[in-house]
Amino acid sequence: MKRRKFIKKTSLLSIGLGITNDAFSNIHKEAINLNKDALPVVIATWDVKLATKVAFATLINGGTVLDAIENGCKIEEANEKGQSVGKGGLPDRNGNVTLDACIMNSKGDCGSVIFLKNIKHAISLARKVMEDTPHVMLSGVGAEEFGYSMGFKKENLLTEASKKAWEKWKKTSKYNSIINIENHDTIGMLAIDSDGNISGGCTTSGLAYKMHGRVGDSPIIGSGLYVDNEIGGAVATGLGEEVVKTVGSFLIVELMRQGHNPQQACEMAIKRIVNKPNSNYKNFQVGYIALNKNGDTGCYSIQKGFSMTKYQSYKNVNITSDSYLIS
Ligand code: GLY
């Protein structure tokens with residue numbers, strides 16, 4: 001379409017929708033009126049105080065907000081006791097630990113790795129995809145080979161504890177999504193620095209005992225994670241299939257763009273899942289956290305038991321999330 005025709009067409013469309021150029025620039029002006037006293041802020045899904053502490057320390061020691069996200073997520077990837085992220089993650093039903101992760105910076109660039117084996121720091125590899133390739137997503141063997149070419153170490157991600165759990169599971173081989181696995185699950189993190197730059201990341205070994213090849217929401221930009229530096233960011237945890245079906249994180253950021261605060265936006269996105277025809281929401285968990293340009297935060301889940309860790313004003317606290325189901 002020729003440029004002039006395009007401009008004419010988009011202006012007519014804006015008028016039709018009742019959106020004027022002024023409305024767009026007001027949203028922008030409000031967004032850049034920073035509440036400097038509230039910043040910086042780091043939030044993460046679940047009780048991961050060491051991860052938020054490391055992320056916050058990265059920021060105050062002069063690291064970028066993207067460094068903060070990477071360093072924070074790496075803490076949980078290296079924590080072998082957590083059985084839903086990185087090394088020590090529960091395997092698929094064939095005994096393979098496969099990781100999904102994505103990262104997004106304040107310029108709107110993003111990178112993700114999907115169905116990654118043998119490399120613990122999926123978040124760092126996702127960053128490499130973003131920064132060192134012309135692509136957004138790399139999967140499987142291609143992602144793994146790219147990792148080795150970037151100097152990542154090959155290691156067995158299946159720990160003795162996870163192997164034992166899988167061997168026990170094989171006796172019944174019953175597949176149910178686990179609600180609030182050890183009060184943990186996908187680690188999603190969002191941070192805003194003192195200049196108002198926002199980044200985010202999420203990393204997971206996905207559902208325990210999933211089908212070989214299954215991919216969840218965490219490496220899918222817009223589902224597991226979304227950041228728009230003018231507005232804020234959101235990240236998801238829980239049953240990825242349900243997050244993907246409603247493009248949850250993008251939805252939350254768009255709701256914030258329309259004027260909802262992070263708490264309201266998280267609640268509306270959970271209700272979007274719950275209110276779907278034939279929703280089976282009583283049998284699975286989804287939780288969201290969100291952060292806006294002012295450093296305001298929110299979290300909400302379907303089931304009880306979800307929490308968010310927040311590092312702000314030099315305090316690192318775990319906050320119990322409200323939930324749609326209260327018993
Ligand atoms: N939210 C993680 C997954 O479903 O894989």
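If you read the sequence from its start, that first residue is 1, and numbering goes on from there. Note: hydrogens, waters and symmetry copies are ignored here, and every other heavy atom, side chains too, is used. Both ligands and their constituent atoms are indexed starting at 1 by order of listing.
- Among the atoms of G216, none of the N or O lies under 3.5 angstrom from an N or O of ligand 1.
- Near T186, with a cut-off below 4.0 Å to any heavy atom, the atoms of ligand 1 are 1 (N), 2 (C).
- Using a cut-off of 4.0 Å between Lys/Arg side-chain N and Asp/Glu carboxylate O, E167 and K164 are scored as not salt-bridged.
- Heavy-atom proximity to S218, at under 4.0 Å, picks out these atoms of ligand 1: 1 (N), 2 (C).
- Using cut-offs of 30° and 60° on the angle between ring planes, the pair W169 and Y209 is parallel.
- Using cut-offs of 30° and 60° for the angle between ring planes, the Y311 and F56 rings count as parallel.
- The aromatic ring centroids of Y324 and Y281 lie less than 6.0 Å from each other.
- In this structure, F115 has its ring center under 6.0 Å from that of H212.
- Atoms of ligand 1 lying under 4.0 Å from at least one heavy atom of D217, given by number and element, are 1 (N), 2 (C), 3 (C), 4 (O).
- Checking only distances, R214 does come within under 3.5 Å of ligand 1, N or O to N or O.
- Ligand 1 places these atoms under 4.0 Å from at least one heavy atom of G238: 1 (N), 2 (C), 3 (C), 4 (O).
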